[in-house]
There are 2 protein chains.
Amino acid sequence: MRLSTKFSDTIHLLAFLQVYSDIKLTSAVIAASIQTSPVVVRRLVGALKNAGFIDNDPKNHNPRIAIDPKDITLLDIYLITEGHTPLFVIDKETNPLCRVGGNIQPVLTNIYGEAEQAALTVLNSKTMQDIIDSLIVHNKVKQAKEKSDLAQDA
Amino acid sequence: MRLSTKFSDTIHLLAFLQVYSDIKLTSAVIAASIQTSPVVVRRLVGALKNAGFIDNDPKNHNPRIAIDPKDITLLDIYLITEGHTPLFVIDKETNPLCRVGGNIQPVLTNIYGEAEQAALTVLNSKTMQDIIDSLIVHNKVKQAKEKSDLAQDA
DNA sequence: AATTATGTAACAGCAAAAGTTACGGAGATG
DNA sequence: CATCTCCGTAACTTTTGCTGTTACATAATT
């Protein structure tokens, strides 16, 4: 089956909390940005609260990031949301009596592990702050483009 | 969704062709090692023939590896079997009018791409020959262990 | 107090993968 | 040359796990 979107959605969620910390953040408001249902958002928020990444702002009762975004890496989020699922799947049903089927699993475990490690190392080098910074840059570029397109039309 | 087992099964298949090149290799025989159905094996073999990695041995009419196993990397196999599926999934349904939802996709595309690239680079550094060599080592270790266990019992 | 939002649990729907059935055709065997 | 086996492929079924929905008890808000 296909991988879940939980990892992406959770990054989205955390960025949203930070970018929109000044408005009232209900699960419905957040869901409108992720384009999912409020229940799904509550589930994601719940998992993050459990892991200590989100708490409640005493001022406005918003959920908010409980840790400096510089100190949250994408690997941290990945492990919370999909940590159980290996990136590469090994077929567990192979004939143990065969010279190939009986030995392929540990061989693949090693190699896949190495590949997965490489990917997760990249994720560990990126923080939520990097995401938020990139979002702002992308947004500025987009707005400048829209403005120039508008001038073009006029 | 989780990834399919096609990647693993195809590596298994190619190793099997090489290790058992001396016996009659029907799809049923191969299926017994992978523990799947002959039809599934035929599908995998078909894809590999299409890609030029397998041809037919004129001697015994077995399917056989058409390229030196040293020159087949796991990345080659990965691209044939799962090349279309990204390792990390990006939620395509986000609100374009939101400062986060409207910009998160390209941001994630960049970072996920970098992580995926790192994993695929590892896969590209491993060949089918490495797999076959490792299988032989694992098998020898296993057999030695069995022999010593047997001596223990006696 | 009344309203609104949360946290969960249970259920339904959907999409993708794996396995199954079926069958025409190619090649092997006697 | 007739039979038998296996292949290649299409269509269908089953399974599985993710997403979203419904429902409701609890907590917080006004």
Side-chain angles (χ1 to χ4, degrees), chain A residues 1-10 12-13 17 23-51 54-64 78 80-95, chain B residues 1-10 12-13 17 23-51 54-64 78 80-95:
Chain A
M1 204 170 189
R2 78 164 180 288
L3 246 86
S4 83
T5 57
K6 261 190 298 185
F7 180 35
S8 290
D9 289 342
T10 301
H12 185 150
L13 166 61
L17 294 188
I23 65 171
K24 175 75 194 148
L25 291 172
T26 68
S27 58
V29 167
I30 301 166
S33 174
I34 305 183
Q35 284 189 194
T36 180
S37 86
V39 177
V40 171
V41 170
R42 280 179 239 154
R43 278 203 280 248
L44 297 177
V45 170
L48 289 166
K49 279 186 177 170
N50 250 327
I54 286 184
D55 63 7
N56 279 311
D57 190 328
K59 293 188 190 179
N60 50 17
H61 274 261
N62 275 351
R64 69 170 181 191
Y78 179 80
I80 292 172
T81 55
E82 326 239 22
H84 38 91
T85 323
L87 271 185
F88 300 98
V89 176
I90 295 174
D91 192 337
K92 291 280 180 295
E93 311 278 315
T94 59
N95 189 337
Chain B
M1 85 184 135
R2 79 161 180 282
L3 250 82
S4 81
T5 58
K6 261 191 298 185
F7 180 34
S8 291
D9 289 343
T10 300
H12 185 150
L13 167 62
L17 294 188
I23 65 172
K24 177 74 194 148
L25 290 172
T26 68
S27 58
V29 167
I30 301 166
S33 173
I34 305 184
Q35 285 190 193
T36 181
S37 88
V39 177
V40 171
V41 170
R42 281 179 237 152
R43 278 203 279 248
L44 296 178
V45 170
L48 289 166
K49 279 186 178 171
N50 250 327
I54 286 184
D55 62 7
N56 279 310
D57 190 329
K59 293 188 188 177
N60 50 18
H61 274 261
N62 276 348
R64 67 170 182 191
Y78 179 81
I80 292 171
T81 55
E82 326 241 21
H84 38 91
T85 323
L87 270 186
F88 300 98
V89 176
I90 295 174
D91 192 337
K92 291 280 182 294
E93 311 279 315
T94 59
N95 189 338

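Since the structure is predicted, the reported quantities are computational estimates derived from the model, not experimental observations. Naming convention: chains lettered A, B, ... in sequence-line order (proteins, then strands); numbering from 1 in each chain.
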Visitor: Nearest-nucleotide wise, let me know which of B:V39 and B:D91 is further upstream toward the 5' end of DNA chain D.
Guide: B:V39

Visitor: Measure the distance from CG on B:L13 to P on C:dA18 and round it to the nearest whole Å.
Guide: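 Rounded to whole Å, this separation is 14 Å.
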
Visitor: Send over the distance from A:N50 CG to C:dT6 C1', rounded to a whole Å.
Guide: 14 Å

Visitor: Is the phosphate of C:dA5 approached by A:S27 (side-chain N or O, under 4.0 Å from OP1 or OP2)?
Guide: no

Visitor: Looking at A:D57, A:I54, A:L48, A:T26, which hits side-chain contact (heavy atoms from CB on, under 4.5 Å) with A:P63?
Guide: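 When A:D57, A:I54, A:L48, A:T26 are each tested with A:P63, the side-chain contact (heavy atoms from CB on, under 4.5 Å) holds only for A:I54.
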
Visitor: Please determine, for the side chain of B:V40, which listed nucleotide (D:dT9, C:dT20, D:dC18) has the closest atom?
Guide: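 Nearest nucleotide to the side chain: C:dT20.
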
Visitor: If I take atom CD in residue B:E93 and atom P in nucleotide D:dC18, what distance separates them, rounded to the nearest angstrom?
Guide: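 Atom CD in B:E93 sits about 19 Å away from atom P in D:dC18.
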
Visitor: Among the candidates C:dT6, D:dT22, D:dC7, find the nucleotide nearest to the side-chain atoms of A:T26.
Guide: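 Shortest atom-to-atom distance from the side chain points to C:dT6.
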
Visitor: Using the side-chain contact (heavy atoms from CB on, under 4.5 Å) definition, which of the options B:V45, B:I30, B:N62 pairs with B:L17?
Guide: B:I30

Visitor: Using whole Å, report how far CG of A:N60 lies from P of D:dA28.
Guide: 15 Å

Visitor: Taking the side chain of B:S37 as heavy atoms from C-beta outward, which of D:dC6, D:dT19, C:dT20 is closest to it?
Guide: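 Looking only at heavy atoms from C-beta outward on B:S37, the closest nucleotide is C:dT20.
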
Visitor: Taking only the side-chain heavy atoms of A:H61 (C-beta and beyond), determine which of C:dA9, D:dT19, D:dT29 contains the nearest atom.
Guide: D:dT29

Visitor: For A:R42 and A:H84, find the nucleotide of DNA chain D closest to each by heavy atoms; which residue's nucleotide sits nearer the 5' end?
Guide: A:H84

Visitor: Roughly how far, to the nearest 0.5 Å, is the CG atom of A:D91 from the NE2 atom of B:H12?
Guide: 8.5 Å

Visitor: Compare the minimum distances between each of D:dG8, C:dA5, D:dG20 and the side chain of B:K49, then state the nucleotide with the smallest one.
Guide: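 For the B:K49 side chain, the nearest candidate turns out to be D:dG8.
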
Visitor: Rounded to the Å, how far apart are B:N62 CG and C:dA28 P?
Guide: 12 Å

Visitor: Looking at B:K59, I'd like to know if its NZ atom is crowded, meaning that more than 12 non-hydrogen atoms belonging to other residues, nucleotides or ligands lie closer than 6.0 Å.
Guide: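 No, not enclosed.
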
Visitor: If you measure from the Lys or Arg side-chain nitrogens to the Asp or Glu carboxylate oxygens, is any gap between A:R64 and A:D55 under 4.0 Å?
Guide: yes

Visitor: Mind calculating the distance between CZ (B:R43) and P (C:dT20) to the nearest angstrom?
Guide: 10 Å

Visitor: Which whole-number value in Å describes the distance from B:D57 CG to C:dA28 P?
Guide: 12 Å

Visitor: Could you state the atom-to-atom distance from CG of B:N56 to P of D:dC7 in whole Å?
Guide: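 Roughly 10 Å, once rounded to whole Å.
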
Visitor: Does a side-chain N or O from B:T36 land closer than 4.0 Å to OP1 or OP2 of C:dA18, or not?
Guide: no

Visitor: Does the side chain of B:S4 get closer than 4.0 angstrom to OP1 or OP2 of C:dA16 through an N or O atom?
Guide: no

Visitor: Which residue lies toward the 5' end of DNA chain C, B:E82 or A:P38, if each is placed at its nearest nucleotide?
Guide: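 Going by which nucleotide is closer to the 5' end, it is A:P38.
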
